[in-house]
Amino acid sequence: MTEQAGGDPLFQSQDPIFNRKELLHVGHVPEEDRIVGRDDEIQSVAAEVGAITRGDPPNNVMIYGKTGTGKSLISRHVATRARDAADDNEIGCGVLYVDCSEANTETRATRQLALSLADQTGYDQHIPVRGVGTMEYYQHIWSILEDCFDSVIVILDEIDKLDNSNILMQLSRAREARKTDAYIGVIGISNKVQYRETLDERIDSSFGHRELFFHPYDAAQLREIMRNRQDAFQPGVLEDGTIELCAALAAKKHGDARKAIEILKEAGELARRTASESVSERHIKQAQEVAEINRIEELTSGATAHAKLALYALASCIVTGDRETYKTREIYERYADICELVATDPITENGLYRQLKEQAFLGVIESEKTGGGRSQGSYLLHRLVTDPKHIVKAVRRDDSLEELPPYDKLADSTDSTRGRVDLSSFS
């Protein structure tokens with residue numbers, strides 16, 4: 001029987017399932033020997049920012065890759081090692097991290113940078129958290145950098161979520177504009193490979209960044225990542241085969257290490273909630289479904305409503321049809337019907353194609369070019385990489401799309417003779 005904390009029967013002194021739960025937290029940066037399958041990526045990022053450790057200007061770098069490929073982990077790991085190496089060389093180096101999905105405006109991002117710098121240095125001037133403009137935060141940033149640092153590495157995670165990219169020009173030109181003598185290296189992180197195309201030409205030129213691409217983990221790497229986190233659990237709690245199953249499910253779906261870890265954590269939570277003494281394959285399978293819906297919701301969180309409707313249309317085609325793959329034209333016809341259902345004007349078929357292309361890069365769908373013979377030419381076939389019901393549940397979490405039919409009603413919404421949505425069933 002587990003000992004109670006401080007004699008209070010409500011609390012246990014020891015978690016029956018978890019030992020070091022922090023190893024399963026998304027923001028946790030593990031020790032170097034726990035980082036698996038990213039030696040080349042570590043070397044590549046270090047090559048771009050390493051000059052900062054010698055008192056020289058670093059390169060700016062953009063890192064692209066699907067969710068869970070280690071972009072944030074490796075950026076923070078390399079930046080921390082660069083800071084320590086610079087300190088050994090008596091060079092004052094700082095590391096700043098901004099999650100742009102939360103600090104999604106220039107004002108919020110610069111405020112976070114200024115407050116973080118103040119925390120690291122004991123800055124004695126008051127930095128207001130509201131009621132001041134962006135430029136005042138910049139002034140605090142330049143002042144702290146000038147007084148306390150020779151260099152700084154700024155990590156802008158999910159940089160594509162910023163409402164504008166002016167911060168890139170401000171940071172990359174700060175020394176040239178004599179706002180500070182400190183060298184500033186920026187690591188931008190995005191899962192949207194087209195991000196550079198959205199940059200103003202002036203900003204793109206000023207930023208002058210190198211580009212790196214991270215590929216998904218394979219099953220063997222995911223197994224090793226999971227094994228390196230086994231001590232997050234109490235000894236003997238993980239049943240045989242759970243690590244292998246967790247890695248196999250993640251590799252089959254998306255190669256996303258973050259979600260593999262989330263599955264393992266959720267499985268532990270399920271075991272604890274059901275008073276189980278161990279984490280079994282059954283818990284892993286249940287947790288995988290929860291994690292997959294969360295993954296889709298996260299990947300589509302910054303997408304337009306039309307991108308979500310495109311995914312919903314493909315899911316609808318699969319649920320109500322007899323195939324796993326559909327042409328862009330077939331998806332567009334279903335999408336147009338669904339737009340009518342939610343009283344939204346549809347975008348063009350070419351616009352829908354671009355939305356599907358973006359979702360293919362994110363790993364929500366797979367698109368394959370194929371030929372239909374001499375009379376049809378070539379065309380794209382699209383398929384989901386997850387269960388259609390996960391797409392439906394994730395999309396319907398969007399408040400503006402709540403009126404879409406739930407998963408179990410999709411089959412009833414289709415006229416089998418024409419393959420079109422019967423809108424009358426929702427009136």
Side-chain angles (χ1 to χ4, degrees), residues 1-5 8-38 66-70 72-73 215-299 363 384-391 393-394 407:
M1 184 173 179
T2 305
E3 185 181 344
Q4 294 161 353
D8 190 328
L10 184 61
F11 304 104
Q12 297 174 329
S13 62
Q14 178 176 290
D15 191 308
I17 298 295
F18 295 105
N19 178 40
R20 293 186 59 196
K21 196 174 180 181
E22 72 275 7
L23 294 176
L24 302 175
H25 286 181
V26 170
H28 177 72
V29 180
E31 301 89 345
E32 183 180 359
D33 59 0
R34 292 182 187 268
I35 298 176
V36 174
R38 285 296 177 259
K66 295 178 182 178
T67 300
T69 52
S72 303
L73 169 64
H215 300 290
Y217 294 98
D218 60 29
Q221 291 170 332
L222 287 170
R223 280 196 300 273
E224 189 64 24
I225 289 170
M226 296 295 98
R227 290 193 185 107
N228 281 344
R229 286 167 171 76
Q230 284 188 89
D231 51 338
F233 295 87
Q234 297 290 353
V237 161
L238 290 177
E239 292 186 6
D240 292 342
T242 52
I243 290 290
E244 289 73 17
L245 177 61
C246 186
L249 289 172
K252 181 180 178 180
K253 294 291 184 182
H254 34 65
D256 184 336
R258 184 186 301 177
K259 292 308 170 189
I261 294 170
E262 183 181 325
I263 291 171
L264 201 56
K265 178 184 174 184
E266 180 63 26
E269 298 286 6
L270 285 170
R272 186 167 59 179
R273 284 196 292 269
T274 56
S276 300
E277 294 182 352
S278 62
V279 177
S280 66
E281 292 189 1
R282 175 176 58 86
H283 293 122
I284 295 290
K285 290 176 181 177
Q286 291 175 345
Q288 193 272 336
E289 180 169 349
V290 173
E292 185 64 12
I293 294 171
N294 290 341
R295 184 183 85 93
I296 297 301
E297 184 177 24
E298 180 182 334
L299 288 175
L384 293 174
V385 298
T386 189
D387 191 312
K389 68 182 179 182
H390 297 154
I391 296 292
K393 289 178 180 178
Y407 171 75

Can you establish whether the number of heavy atoms outside His25 located under 6.0 Å from its atom NE2 is more than 12?
yes
pair Met226-Leu238: side-chain heavy atoms closer than 4.5 Å
no
For residues Glu239 and Glu281, determine if any side-chain heavy atom of one lies less than 4.5 Å from a side-chain heavy atom of the other.
no
Ignoring hydrogens, what is the shortest heavy-atom contact between Thr242 and Ser280? Give both atom names and the distance.
CG2-C, 3.6 Å
In short, Leu270 meets Ala287 closest at the heavy-atom pair CD1-N, 3.7 Å
Would Arg272 and Glu269 pass as an ion pair if we require N to O under 4.0 Å?
yes
Run the salt bridge (charged side-chain N to carboxylate O under 4.0 Å, His left out) test against Glu244 and tell me which residues pass, sequence neighbours left out.
Arg227
When every non-hydrogen atom of His283 is compared with those of Ser278, the smallest separation belongs to CE1-O, 3.4 Å
All salt bridge (charged side-chain N to carboxylate O under 4.0 Å, His left out) counterparts of Lys285, not counting sequence neighbours:
none
Rounded to the nearest 0.5 Å, what separation is found between the CG atom of Leu222 and the SG atom of Cys246?
8.5 Å
For the student: nearest non-hydrogen atoms of Gly68 and Asp256, plus distance
CA-OD1, 2.9 Å
Heavy atoms of Ala267 and Val279 approach each other most closely as CB-CG1, 3.8 Å
For Tyr217, does the six-membered ring have the charged nitrogen or CZ of Arg38 within the cation-pi criterion, i.e. under 6.0 angstrom from the centroid and within 45° of the normal?
yes
Test side-chain contact (heavy atoms from CB on, under 4.5 Å) applied to Ala232 - qualifying residues, sequence neighbours left out:
Leu23, Leu24
Quick one: list whatever passes side-chain contact (heavy atoms from CB on, under 4.5 Å) with Asn19, sequence neighbours left out.
Gln234
Rounded to the nearest 0.5 Å, the CD atom of Glu262 sits from the CZ atom of Arg258 at a distance of 9.0 Å
Under the side-chain contact (heavy atoms from CB on, under 4.5 Å) rule, collect the residues that match up with Leu73, sequence neighbours excluded.
Val29, Pro30, Ile35
Does any pair with a residue in residues 224-251 pass ring-ring contact (aromatic ring centres under 6.0 Å, His included), and if so which ones, sequence neighbours excluded?
Phe18-Phe233
Lys/Arg-Asp/Glu bridge criterion (N-O < 4.0 Å) met for Glu266, Arg273
yes
How long is the gap from CD1 on Ile296 to CD1 on Ile391, to the nearest 0.5 Å?
4.0 Å
Any donor-acceptor N/O pair, Gln221 side chain to Asp218 backbone, under 3.5 Å
yes
Glu289 CD to His390 NE2 distance, which is reported to the nearest 0.5 Å:
4.0 Å
Arg34 to Arg229 - nearest heavy-atom pair and separation
O-NH1, 4.0 Å
Measuring from Ile225:CD1 to Leu264:CG, what's the distance to the nearest 0.5 Å?
12.0 Å
